[in-house]
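Written out below as structure tokens is the structure these notes cover.
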Amino acid sequence: FEILTFFEPGTGETTTFLDIVPLTASRTVMLLADGFRPDDGRDDTAVAVRAAMRELMDSGAEPRALIDALNTLFHEHFAGRPLITAHAVLVDSERPAITSCLAGGVRPIRIDALGDSEEIALPTGIVLGFSPAGVFKHTLQERVLPVGAGDSVLIFSHGLARTLGEGEE
């Protein structure tokens, strides 16, 4: 697997968060999230999210557990704070597959070696922080997506989705 990124954080009232953590030689976790900037100018949310992500994923957790933990973090400690949607992805080159879980995010697109593309049927779930843990956890669904030689998977934020033209170009 090759993981290529293009990341440009939002400059207006919204912001995007991206973190990529290599876990082992064959496993890498990515978290992409969108949200609103805090009014008070504090940046403790990103620090807390990064710490929770690294701790959970280093312990062998899957993306669904990461999204659930982030919801609890936001619901209990950061009500009304920036991150609103999140997409957790575990890349495993030994399988070869990605495991994906969304909380209000945008579905990924798979492009095969012939150039044909498809939106991956992945439930979008609900946004972070607004539902208690028990309710939220039952809305999450994780999908394992096989990836073949020459395939690409495009994972993007709401920011990119909002910039599409009428023909979705």
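Hydrogens, waters and symmetry mates play no part in the numbers below; they use all other heavy atoms, side chains included. All values reported here derive from a predicted model rather than from experimental measurement.
Considering every non-hydrogen atom in both R143 and A121, the closest pair reads NE-O, 3.8 Å. Closest of all the heavy-atom pairs between P63 and T99 is CG-O, 3.5 Å.
One distance of note links CG of L154 with CD1 of I111; it measures 6.0 Å at 0.5 Å rounding. Between atom CG of residue L23 and atom OG1 of residue T28 there is a gap of 6.5 Å, rounded to the nearest 0.5 Å.
Under the rule for a side-chain contact (heavy atoms from CB on, under 4.5 Å), the partners of D19 that lie at least two apart in sequence or sit in another chain are F17, V21, R50, M53, R54. Remark: R107 pairs with no residue by the side-chain hydrogen bond (donor to acceptor under 3.5 Å, both in side chains) rule, at least two apart or across chains.
The shortest side-chain heavy-atom distance between V29 and I20 does not fall under the 4.5 Å cut-off. Here the side chains of S100 and H87 are in contact, with some heavy-atom distance below 4.5 Å. Annotation: side chain of I155 is in contact with side chain of M30 (closest heavy-atom distance under 4.5 Å). Within the 4.5 Å cutoff, side-chain heavy atoms of R27 are placed close to those of L90.
Annotation for E118: atom CD counts as buried by contact number, over 12 foreign heavy atoms lying within 6.0 Å.
No donor-acceptor pair under 3.5 Å is formed between the side chain of R64 and the backbone N or O of L102. N71 places no side-chain N or O within 3.5 Å of a backbone atom of D68 that could act as its donor or acceptor partner.
Evaluated for a side chain to side chain contact (heavy atoms under 4.5 Å, CB included) with I98, the options V147, D92, V144 yield exactly one hit, V147.
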